[in-house]
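The block underneath contains the structure these notes are about, expressed in structure tokens.
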Amino acid sequence: MSTELLRGEPVAAPIHERVAERVQTLREEGTMPTLATVLMSDDSADECFVELKHETCADVGIATRDVRLEPDAPAERLYREVERLGETSAVDAVFVQVPLPDGVSLTGVRRRLEPTKDVDCLHPENVGRLVAGEPWFVPATTAAVCRLLSAYDVPVPGADVVVVGRSDVIGKPLANRLLWDQSGGNATVTVCHSRTTGLAAYTRRADIVVTAAGAPGLVDGSMLTRGTVVVDVSANRRPDGGVVGDVVFESAAEKASAITPVPGGVGPVTLAALVENVVRAATRCNGD
Ligand code: NAP
């Protein structure tokens, strides 16, 4: 059995093209789509993730603002900054990079985000819309996983999908999206996390395993059944600066029918989905 490599670039490229054309039109009409990122970390991996977002925006003609706060700054400064960006008419979209420093609550941030600019879908209104299947924004990573599965014709309806990770930014929104009674949904979803006992029993029975645990080496081939589709969302920095996922690629690839590389799998599609969300915010095509 040959294993298909689920590469992200071929999926991301046409999205970039469409977004760049749309941005060009908007700019000609006098609208400059603008994303503001907020980073409260001096970790080089987090800085790198933010820089990639700015580079991708620049590639498609989207303007950016780069707000950085010291990790030991008071949480109130971050909250005020998020509120200020919500009120700034020249900013269409706001993205707060996680993880946040200890003592700064994501709940504090999410309530202060302007929902129509909340492209990563953290505000309670946007979370509710996503769960209801009527979103203004599908978070970029969730959208990326679904776009990859669709682009490579991986059947999702009726599939047994195990999502490893229950974070508010990846695991929970992805699980909810896969449950929608709509195209790209209708999966039977199990969400695993650090308190799950016997993770392998869940991954072995899955048709599709999606890992987003931030735990290198967590899943290897012995935890998979032959023919499983494996999507590794994680991007864990190695001490040498390289990036690895949660999955031991070589052993998993021996069992999987299809698998994402890390890097080069979910990541490029996530960036494309983010710029798509920025255009959505800038054009206020929010449904209602
Ligand atoms: P997070 O907030 O730390 O959440 C990790 C989740 O994984 C938690 O739910 C945690 O369980 C669970 N987990 C941790 N260790 C586990 C284990 N040994 N067994 C089972 N579950 C375990 O991380 P995140 O923000 O969701 O990010 C996850 C990964 O995705 C990171 O590597 C990040 O860099 C990457 N990422 C990738 C993209 C992309 O586009 N590819 C975008 C954003 C982030 P508990 O809830 O019990 O603690």
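Just so you know, these numbers come straight off a predicted model, no measurement behind them. For reference, positions follow the sequence shown, starting with 1. Atoms within a ligand are numbered from 1 in the order they appear, just like the ligands themselves. Values below: every heavy atom of this structure, side chains too, minus hydrogens, waters and symmetry copies.
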Completion exercise
In this structure, atom 47 (O) of ligand 1 is nearest to the protein heavy atom Ser194 OG, 2.5 Å

Practice task
May I ask you to check whether Arg195 has an N/O atom sitting below 3.5 Å from an N/O atom of ligand 1?
Solution key: no

Problem - Identity of the nearest option to atom 5 (C) of ligand 1, non-hydrogen atoms only, from Ser234, Pro263, Gly165, Ala213 - result: Ala213

Problem - Polar contact flag for Phe49 and ligand 1 (N/O pairs, less than 3.5 Å) - result: no

Handout entry: Over 12 foreign heavy atoms within 6.0 Å of CG, Asp102
Key = no

Handout entry: Asn236: numbered ligand 1 atoms lying under 4.0 Å from its heavy atoms
Key = 32 (O)

Practice task
For atom 28 (C) of ligand 1, grab the closest protein heavy atom and report residue, atom and distance to one decimal in Å.
Solution key: Ala212 O, 3.5 Å

Handout entry: Donor + acceptor pair across side chains of Thr188, Asp160 (<3.5 Å)
Key = no

Completion exercise
So CZ of Phe49 and CZ of Arg237: to nearest 0.5 Å the spacing works out to 5.5 Å

Fill in the blank from the handout: The single option from Glu21, Arg27, Glu28 that satisfies side-chain hydrogen bond (donor to acceptor under 3.5 Å, both in side chains) with Gln24 is Glu28

Practice task
Just jot down the ligand 1 atoms closer than 4.0 angstrom to any heavy atom of Ile170, in number order.
Solution key: 26 (O), 27 (O), 28 (C), 30 (O), 36 (N), 43 (C), 44 (C)

Problem - Linked, directly or transitively: Val50 and Leu274 (ILVMFWY side chains, under 4.5 Å) - result: no

Exercise for the section: May I ask you to list the atoms of ligand 1 that are less than 4.0 angstrom from any heavy atom of Thr141? Expected result: 42 (C)

Fill in the blank from the handout: The protein heavy atom nearest to atom 8 (C) of ligand 1 is Arg166 N, 3.9 Å

Exercise for the section: Consider ligand 1: state whether an atom of it lies below 4.0 angstrom from any non-hydrogen atom of Gly171. Expected result: no

Handout entry: Best match, Thr196, Val145, Val269, Val233: closest heavy atom to atom 41 (N) of ligand 1
Key = Val233

Handout entry: For Thr270, atoms of ligand 1 separated by under 4.0 Å from a heavy atom
Key = 39 (C), 40 (O)

Practice task
Give a yes/no verdict on whether any heavy atom in Leu218 is under 4.0 Å from an atom of ligand 1.
Solution key: yes

Handout entry: For atom 21 (N) of ligand 1, the protein heavy atom that lies nearest, with its residue and separation
Key = His193 C, 3.1 Å

Problem - salt_bridge(Arg110, Asp168) N-O dist < 4.0 Å - result: yes

Exercise for the section: Would you check whether Leu199 has a nitrogen or oxygen atom less than 3.5 angstrom from a nitrogen or oxygen atom of ligand 1? Expected result: no

Practice task
Classify the side-chain pair Asp220/Ser222 by whether it contains a donor and acceptor separated by less than 3.5 Å.
Solution key: yes

Problem - Pair Lys117 + Asp92, salt bridge at N-O below 4.0 Å - result: no

Handout entry: Atoms of ligand 1 close to Ser167 [distance to a heavy atom under 4.0 angstrom, numbered from 1]
Key = 2 (O), 4 (O), 9 (O), 24 (P), 26 (O)

Problem - Leu199 side, atom CG; Cys192 side, atom SG - distance, nearest 0.5 Å - result: 5.5 Å

Practice task
Would you mind listing which atoms of ligand 1 come within a distance below 4.0 Å of any non-hydrogen atom of Ala235?
Solution key: 32 (O), 34 (O), 35 (C)

Problem - Under-4.0 Å protein heavy-atom contact, atom 24 (P) of ligand 1 - result: yes

Exercise for the section: Any chance you could lay out the side-chain hydrogen bond (donor to acceptor under 3.5 Å, both in side chains) test for Thr190 and Arg205, step after step, and finish with the verdict? Expected result: CA-CA 11 Å; Thr190 305; Arg205 69 148 208 247; 3.0 Å; yes

Exercise for the section: Determine, for Glu81 against Arg84, whether the closest basic-nitrogen to carboxylate-oxygen distance falls under 4.0 angstrom. Expected result: yes

